[in-house]
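Structure, as structure tokens:
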Amino acid sequence: MTFLSVNVNKIAVLRNSRGGNDPDVVQAARACLHAGAHGITVHPRPDARHIRAADVHALAALTAARGVEFNLEGNPFAPPRPGYPGFLALCAAVRPAQATLVPDGDAQLTSDHGFDFARDAERLSPLVEQLRGLGCRVSLFADAWDPVRSAGVEHAAAIGADRIELYTGPYADAFHRGEHASMLERFADVARRARSVGLGVNAGHDLSQENLGAFLAAVPEVLEVSIGHALIGEALHDGLQATVRGYLAILDGAGVASAP
Ligand SMILES: CC(=O)[C@@H](O)[C@H](O)COP(=O)(O)O
Ligand SMILES: NCC(=O)COP(=O)(O)O
């Protein structure tokens, strides 16, 4: 079975919009694990727009106590700044089971590309070694949608990475348009090539209940999916009716005023 690691970044987006600690990121992660999720993912960004260093520590403690995987994602080349100690420093502090390296630009809205392995392998190599020395499994974010960008995926194995994570955003877009058949062939090909050089294969970005089944049917090698944005949105939709009913029950019980 493919593992599900729930990305709780979006809980922190909501929390940060008001200050305070509601909704509580750790409580949300606990609920995901209680429901059977295999692990928790976060992707702290240098601007601390959602997950903060303190969340990383708290979630590391939760996942360690539960004996489940903590997957920490980030750009290893982004310099530290106040409130963000840097990806390597965070990994050294909490030793996540899996460190997923993502080549984000600083002001990016969200992750939108994988590494260019032919170009990036040399500077990634010592970081992969360092992270493996900390006991982390190392996964590298990789493109599969474009034959040129996915050409050097075998380099990931050569520099000692354990896995790649297929960037599935372009697949999700194509699925939405009903044009995903040829896209899936490309993902399947990259996954097969990765497996043939000993790499494990993860996948993530914009996966959802709508598009996940078709993806896994075409790319059965996937060991783990990390899903956040769609999952949290779906959870809101699924939970809204029950929550509104909860409020109505309180109002009904209070029974003071009646609306005109
Ligand atoms: C690497 C990846 O695809 C996810 O981590 C995604 O980038 C989530 O990050 P945001 O929640 O900041 O969009
Ligand atoms: N690695 C992908 C991830 O953690 C979640 O991405 P998304 O579902 O928020 O797009």
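Whatever order the structure lists them in is the order used to number ligands and atoms, beginning at 1.
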Ligand 1 atoms nearer than 4.0 angstrom to some heavy atom of H50 are 10 (P), 11 (O), 12 (O)
Any idea which part of N7 is under 4.0 Å from ligand 1, heavy-atom wise: side chain, backbone, both or neither?
side chain
Below 4.0 Å, non-hydrogen atoms only: which portion of F141 touches ligand 1? Side chain, backbone, both or neither.
side chain
Can you name the atoms of ligand 2, numbered from 1 with element, that are less than 4.0 Å from a heavy atom of N7?
3 (C), 4 (O), 5 (C)
From CA spacing to verdict: ring-ring contact (aromatic ring centres under 6.0 Å, His included), H155, F117
CA-CA 6 Å; H155 285 290; F117 289 109; 7.4 Å; no
Numbering as shown, the atoms of ligand 2 that approach E73 to under 4.0 Å (heavy-atom distance):
1 (N), 2 (C), 4 (O)
Can you figure out which of V8, T110, V102 has its heavy atom closest to atom 13 (O) of ligand 1?
T110
Donor on one side chain, acceptor on other, H50 and K10, under 3.5 Å:
no
Return the residue, atom name and 0.1 Å-rounded distance of the protein heavy atom closest to atom 8 (O) of ligand 2.
G228 N, 2.8 Å
Check each atom of ligand 2 against the heavy atoms of T41 and keep those under 4.0 Å away; list them by number with element.
4 (O)
Please state which protein non-hydrogen atom is closest to atom 3 (O) of ligand 1 and give its distance, to 0.1 Å?
H205 ND1, 2.7 Å
At under 4.0 Å between heavy atoms, which part of E165 makes contact with ligand 2: side chain, backbone, both or neither?
side chain
What do we get for H229 next to ligand 1 when only non-hydrogen atoms under 4.0 Å count, side chain, backbone, both or neither?
neither
If we only consider heavy atoms of H205, is any one of them less than 4.0 Å away from an atom in ligand 2?
yes
Write out the residue and atom name of the closest protein heavy atom to atom 9 (O) of ligand 2, then the distance separating them to 0.1 Å.
H229 N, 2.9 Å
Among F115, F141, W145, exactly one meets ring-ring contact (aromatic ring centres under 6.0 Å, His included) together with Y167. Which residue is that?
F141
What atoms in ligand 2 come closer than 4.0 Å to a heavy atom of D206?
7 (P), 8 (O), 10 (O)
Can you tell me the protein heavy atom closest to atom 8 (C) of ligand 1 and the distance?
N9 ND2, 3.7 Å
Show the atoms of ligand 1 that are less than 4.0 angstrom away from any heavy atom in S111.
1 (C), 2 (C), 3 (O), 6 (C), 7 (O)
State whether a side-chain donor-acceptor pair under 3.5 Å links D162 with Q98.
no
